[in-house]
Amino acid sequence: MNEALWALGRGTGVSTLVLLTVSMVLGILTSGGFRHRELPRFALTEIHRRASLAATGFLVLHVLSLWLDSEAQLNAVDLLVPFLNAANPLWWGLGTLAVDLLLVVVVSSLVRKHLSYAVWRGLHWLAYAMWPVAVLHSVGGGTDSATWWLRHTAIVCCAAVGGALGYRLVGRAPSSGAVRRTAPRLVEIPEPRTPDGRLVCAKADPATHNPAPGTLTSAVTSTPQENLS
């Protein structure tokens, strides 16, 4: 039975890390304005949510399998309070800390309609702190931490998140300075005036009362006082 729990704990732990990475990458990309013709934004957002829920489910299985495994030597306090485990306080404590942070993010998302946007946004940003803690726990506290496949998995996860952060920081849209440099300038055309500063308008056609094309005259030559008199 311990062998089965040990294998379940290993598999669900790695699966949780991969799903958290997928959720993290999609969250960074969608918040950074990523656009794709084949995958609209609402689809990326839905995949992000489903990956987060799947990661939470695998995390629950991961924690329960380790709690039921007598060789792991975990008690109920170790599952919620970090850095108290006697066998491996640092690396397993990081895992407990990641669990606590993920619980805050999940619960805040479930009760989002009862929270203000600023509060929900602030709590949701804890996911950015939770992911590196989970990576450190995976590479330092797992029984497979020295294996090549787990190290390569961690490297790929870090590269994916690093690439998404690079896209978010650099972006594809041109800078405001570049837009200002390439935008056409509007040229103000001055109004035609007589040498003494009065406006010049087109000569009216008596038949149609429309200005004759191409003909300018000093039709407006009177001052405002003269018009009123």
Side-chain angles (χ1 to χ4, degrees), residues 1-32 34 36 39 44 47-75 78-106 125-170:
M1 183 62 179
N2 288 341
E3 291 290 334
L5 291 174
W6 177 63
L8 181 62
R10 294 166 61 199
T12 53
V14 176
S15 300
T16 301
L17 176 62
V18 173
L19 289 170
L20 286 177
T21 302
V22 172
S23 176
M24 178 72 64
V25 170
L26 293 178
I28 295 173
L29 292 179
T30 53
S31 62
F34 177 77
H36 195 279
L39 288 174
L44 294 177
I47 297 174
H48 164 71
R49 292 174 179 173
R50 291 181 181 271
S52 301
L53 292 176
T56 304
F58 277 103
L59 179 62
V60 171
L61 292 176
H62 177 67
V63 172
L64 288 179
S65 61
L66 294 178
W67 184 37
L68 296 175
D69 189 358
S70 59
E71 295 183 3
Q73 301 179 7
L74 291 177
N75 52 47
D78 295 331
L79 301 180
L80 297 176
V81 183
F83 310 113
L84 294 182
N85 182 264
N88 198 340
L90 176 60
W91 298 114
W92 288 5
L94 290 175
T96 304
L97 180 61
V99 171
D100 294 340
L101 293 175
L102 183 60
L103 287 176
V104 173
V105 173
V106 171
W125 272 82
L126 291 176
Y128 291 97
M130 175 268 300
W131 181 83
V133 173
V135 172
L136 291 175
H137 165 72
S138 300
V139 299
T143 55
D144 298 314
S145 57
T147 59
W148 66 269
W149 60 268
L150 182 58
R151 291 182 177 180
H152 281 72
T153 301
I155 291 174
V156 171
C157 292
C158 293
V161 173
L165 286 174
Y167 173 86
R168 174 69 183 273
L169 295 176
V170 177

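Please read all numbers here as calculations on a predicted model, not as lab measurements. All heavy atoms count here, side chains included; hydrogens, waters and symmetry mates do not.
Residues Arg10 and Asp144 share a closest heavy-atom pair of NE-OD2, 2.5 Å. For the residue pair Val105 and Ala127, the shortest heavy atom distance occurs at CG2-N, 3.8 Å. Taking each heavy atom of Ala55 and Leu20 in turn, the nearest pair found is CB-CD2, 3.7 Å.
Evaluation of the side-chain hydrogen bond (donor to acceptor under 3.5 Å, both in side chains) test over residues 20-29, restricted to residues two or more places apart or in two chains, returns Thr21-Trp131, Ser23-His48, Ser23-Ser52.
Residue Trp149 places its CH2 atom among more than 12 non-hydrogen atoms of other residues, nucleotides or ligands, all under 6.0 Å distant.
Taking CZ of Arg50 as the start and CG of Leu26 as the end, the distance is 13.0 Å to the nearest 0.5 Å. Interatomic distance, CG of Leu150 versus CG of Leu17, reported as 7.5 Å (0.5 Å rounding).
Taking the side chain as every heavy atom from C-beta outward, Tyr128 and Ile28 approach each other to under 4.5 Å. Residues Val81 and Leu84 have side chains in contact (heavy-atom distance under 4.5 Å, counting atoms from C-beta outward).
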Listed pairs under 3.5 Å, donor-acceptor, residues 87-104 side chains, sequence neighbours left out:
from	atom 1	to	atom 2	distance (Å)
Trp92	NE1	Gly141	O	3.1
Thr96	OG1	Asp78	O	2.8
Thr96	OG1	Trp92	O	3.2

Please report, to 0.1 Å, the donor-acceptor pairs under 3.5 Å made by any side chain of residues 154-163, with sequence neighbours excluded.
none

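Listed for the His152 side chain is a donor-acceptor partner under 3.5 Å among the backbone atoms of Trp148.
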